[in-house]
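One structure below.
This is a predicted model, so every value here is computed, not measured. Each residue takes its place number in the sequence, starting with 1. Scope of the values below: all heavy atoms of this structure, side chains included, with no hydrogens, waters or symmetry mates.
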Amino acid sequence: MSIRLGIIGAGSIGEVHAKAALAAGQTVAGVADVNLEAATRMVAMLEETPVTGSISGSSGGASGCRAYASATQLLADDSVDAVVVCVPNRWHCEIASEAMRAGKDVLLEKPMGLNAAECQQAIEVAAQTERVLQIGMVHRHTAVGQAAKDVVEAGDLGNIYHAKAHLYRRRGVPGLGGWFTTKQISGGGPLVDIGVHVLDLACWLMDFPHIQRVSGKVYSQFGKRMQDYVYESMWAGPPKLDGVCDVEDSAHALIYFAGGGSLDLQVSWAMNWPGDSSEEENLLALFGDRGGMTFKLESDHLTVASERHGRNVDTRVMLPEIDPFVRQATSFAACVKSREMPLATGEQGRLVLSILDAIYQSSQADQDVVLDV
């Protein structure tokens, strides 16, 4: 399903979204970045990207794509139907709101914002302007994420009373000293960067149960001595040792739901996690009174534990390889055309930020935080 799309933010994630849009049969009409040279480079790259066999059957492309020096300039183009906002976190809600006021539907990269309060403001703008606001929770669109949802909705797990959402990186601080590790711009460390993925996925699979309280603790160990940080590779690098690192490098929380359910959230960018402990470093697990389920992010299978004929049984469900960003782009385009509710809503994006806010508050106060969301 073809729409004319604008990309705001010419970094690596903007490139991922742009290529996914082309593969989904959409037209990339413009790229905006405060660094016009970066926007121009992306336009040139997209114009050279072959578009064959799009999954939608539509013929999109990047012919005639223009580079803009600001989001405002791109948003003035009346031929653009929608935009993907791929800028640093600090400007997510601000630019998304500007885009919706300009009449554009928005796919907003995660996290939705720096905190729940500014997320609420963007939600209100979406309601006032009647624009689609979809949050980029891309792991809902993976093969394993979709299959896990099918298992839950089929009732195979029964009443889910506990879940685990774990994602550890031994030494994976992105761009140490840059905007990722500067709280004023990023909003936080691994909680905000990768924690939103596993937290959102677990809550979505559990149908966003009502949250009563949160107990959390965050740690900042490696940023205290950036010059001594040992790593093998660095996404968004190289390190800037004269920069800032004032965010956490690991976070740990228990989230308690109404009715007695709970969620164990564990994430890290940097932690002395042994290399032979891989079974727990990337784990989503749901436990119900009829069955349980475990899987890894972007895995080619999931495992369901159940009982059959008086015996315990593990069933491995094998899954096809798909591109979740292409599937997300297709889903967004369908919502733009149909005006239906997106898979990942602004309200859900705000709820995830409410939990993150509570984890930081709990850690600072060294006590549980009561929520009503």
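- Side-chain atoms of Arg66 never come within 3.5 Å of backbone atoms of Ala29 as a donor-acceptor pair (strictly under, hydrogens ignored).
- For the atom pair CE (Met293) and CG (Leu157), the distance works out to 5.0 Å, reported to the nearest 0.5 Å.
- Considering only heavy atoms from C-beta on, Pro239 comes within 4.5 Å of Met234 through its side chain.
- Scanning all heavy atoms of the two residues, the minimum distance from Ala69 to Leu36 falls at N-CD1, 3.8 Å.
- We find that Arg311 and Glu307 are not joined by a salt bridge, their nearest charged nitrogen and carboxylate oxygen being 4.0 Å or further apart.
- Both Tyr360 and Val196 are members of a single hydrophobic cluster when ILVMFWY side chains are connected at heavy-atom separations under 4.5 Å.
- Within the 4.5 Å cutoff, side-chain heavy atoms of Met112 are placed close to those of Leu133.
- The two residues Ala32 and Ser70 make their nearest non-hydrogen contact at CB-O, 3.4 Å.
- Looking at Val218 and Leu191, their side chains come closer than 4.5 Å, going by heavy atoms from C-beta outward.
- His92 is linked by a ring-ring contact (aromatic ring centres under 6.0 Å, His included) to nothing, counting only residues two or more places apart in sequence or in another chain.
- Here CG of Leu201 is found 11.5 Å from CE of Met206. Values are rounded to the nearest 0.5 Å.
- Test Val352, Leu353, Ile359 against Ile355 for side-chain contact (heavy atoms from CB on, under 4.5 Å) and you get one pass: Ile359.
- Residue Tyr256 is found in a hydrophobic cluster whose other members, listed by chain and number, are Leu254; membership requires side-chain heavy atoms under 4.5 Å apart, directly or through intermediates.
- Side chains of Trp179 and Asn89 form a contact here, defined as non-hydrogen atoms less than 4.5 Å apart.
- Ring centroid separation for the pair His17 and Phe325 comes in under the 6.0 Å cut-off.
- With contacts defined as side-chain heavy-atom distances shorter than 4.5 Å, the pair Met42/Glu15 qualifies.
- Here the side chain of Glu153 pairs no donor or acceptor atom with the backbone of Asp150 at under 3.5 angstrom.
- Residues Val247 and Met226 share a single hydrophobic cluster, defined by chaining ILVMFWY side chains whose heavy atoms lie under 4.5 Å apart.
- With hydrogens and angles disregarded, no donor-acceptor distance shorter than 3.5 Å links the side chain of Ser299 to the backbone of Phe295.
- Glu98 and Thr72 are linked by a side-chain donor-acceptor pair at a separation below 3.5 angstrom, with hydrogens and angles left out of the test.
- Relative to the six-membered ring of Tyr229, Lys224 misses at least one condition, a distance below 6.0 Å or an angle of at most 45° to the axis.
- Every residue was checked against the ring-ring contact (aromatic ring centres under 6.0 Å, His included) condition with Phe208, not counting sequence neighbours, and none meets it.
- The main-chain N or O of Leu5 is never found under 3.5 Å from a side-chain atom of Gln26 such that the two would form a donor-acceptor pair.
- Evaluation of the side-chain hydrogen bond (donor to acceptor under 3.5 Å, both in side chains) test over residues 118-133, restricted to residues two or more places apart or in two chains, returns Asp105-Arg131, Gln120-Glu124, Gln120-Arg350.
- When the side chains of ILVMFWY residues are joined at heavy-atom separations under 4.5 Å, either directly or via intervening members, Ile95 and Val80 end up in a single hydrophobic cluster.
- Thr181 places a side-chain N or O within 3.5 Å of a backbone atom of Gly178 that can act as its donor or acceptor partner.
- Looking at heavy atoms from C-beta onward, Val173 lies out of side-chain contact with Trp235 at the 4.5 angstrom threshold.
- Using a 30° and 60° split on the angle between ring planes, His166 and Tyr168 fall in the tilted class, from 30° to 60°.
- Paired with Leu107 under the rule side-chain contact (heavy atoms from CB on, under 4.5 Å), one option of Ile135, Val336, Val83, Val84 passes, and it is Val84.
- Counting only distance, with no hydrogens or angles, the side chain of Thr345 and the backbone of Gln348 share a donor-acceptor pair below 3.5 Å.
- Judged by distance alone, the side chain of Asn159 and the main-chain N or O of Gly288 form no donor-acceptor pair under 3.5 Å.
- Remark: the Arg169 side chain and the Asn282 side chain contain no N/O donor-acceptor pair separated by less than 3.5 Å.
- A donor-acceptor pair is defined here as one N or O able to donate and one able to accept, closer than 3.5 Å; such a pair exists between the side chain of Asp81 and the backbone of Arg4.
- Distance check, rounded to the nearest 0.5 Å: CH2 of Trp204 to NZ of Lys149 gives 5.5 Å.
- How far SG of Cys65 is from CD1 of Ile7: 8.5 Å, rounded to the nearest 0.5 Å.
- A salt bridge between Asp368 and Arg213 is present, with a side-chain N of the basic residue lying under 4.0 Å from a carboxylate O of the acidic one.
- Between Asp200 and Arg140, at least one side-chain N (NZ, or NE/NH1/NH2) sits under 4.0 Å from a carboxylate O, which counts as a salt bridge.
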Exercise for the section: Evaluate side chain to side chain contact (heavy atoms under 4.5 Å, CB included) for Val85 paired with Glu109, printing each intermediate quantity in order. Expected result: CA-CA 6 Å; Val85 177; Glu109 250 300 330; over 6 Å; no
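- Contact detail for Gly223 and Cys245: the closest heavy-atom pair is CA-SG, 3.5 Å.
- Nearest approach of Pro190 to Glu248, heavy atoms of both residues: CD-O, 2.9 Å.
- Glu281 CD to Leu167 CG: the interatomic distance, rounded to the nearest 0.5 Å, is 8.5 Å.
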Practice task
Check the pair Val304 / Leu302 against side chain to side chain contact (heavy atoms under 4.5 Å, CB included), numbers first and verdict last.
Solution key: CA-CA 7 Å; Val304 179; Leu302 59 80; 3.6 Å; yes
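- Ring pair Phe222/Trp269: centre-to-centre distance not below 6.0 Å.
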Handout entry: From CA spacing to verdict: side chain to side chain contact (heavy atoms under 4.5 Å, CB included), Val132, Phe332
Key = CA-CA 9 Å; Val132 172; Phe332 176 58; 4.1 Å; yes
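- A salt bridge links Asp193 with Lys110: the closest approach of a Lys/Arg side-chain nitrogen to an acidic carboxylate oxygen falls below 4.0 angstrom.
- Under the rule for a side-chain contact (heavy atoms from CB on, under 4.5 Å), the partners of Gln367 that lie at least two apart in sequence or sit in another chain are Ala365.
- The NE2 atom of His197 sits 10.5 Å away from the OG1 atom of Thr142 when rounded to the nearest 0.5 Å.
- Asp323 contributes no side-chain N or O that, together with a main-chain N or O of Ala20, makes up a donor-acceptor pair within less than 3.5 Å.
- Checking His252 against Asp264 by side-chain atom types alone, no donor-acceptor pair falls below 3.5 Å.
- Ser362 places a side-chain N or O within 3.5 Å of a backbone atom of Gly216 that can act as its donor or acceptor partner.
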Handout entry: Test side chain to side chain contact (heavy atoms under 4.5 Å, CB included) applied to His141 and Ser331, step by step
Key = CA-CA 9 Å; His141 298 272; Ser331 174; 3.8 Å; yes
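- In this structure, the side chains of Gln146 and Leu343 come closer than 4.5 Å at one or more pairs of heavy atoms.
- Of all the heavy atoms in Ala165 and Ala202, the pair that sits closest is CB-CB, 4.4 Å.
- Heavy-atom minimum distance, Ala39 versus Val31: CB-O, 3.7 Å.
- A ring-ring contact (aromatic ring centres under 6.0 Å, His included) check over residues 21-42, counting only residues at least two apart or in different chains, returns nothing.
- In this structure, Gln184 places its CD atom where only 12 or fewer heavy-atom neighbours from other residues, nucleotides or ligands lie under 6.0 Å away.
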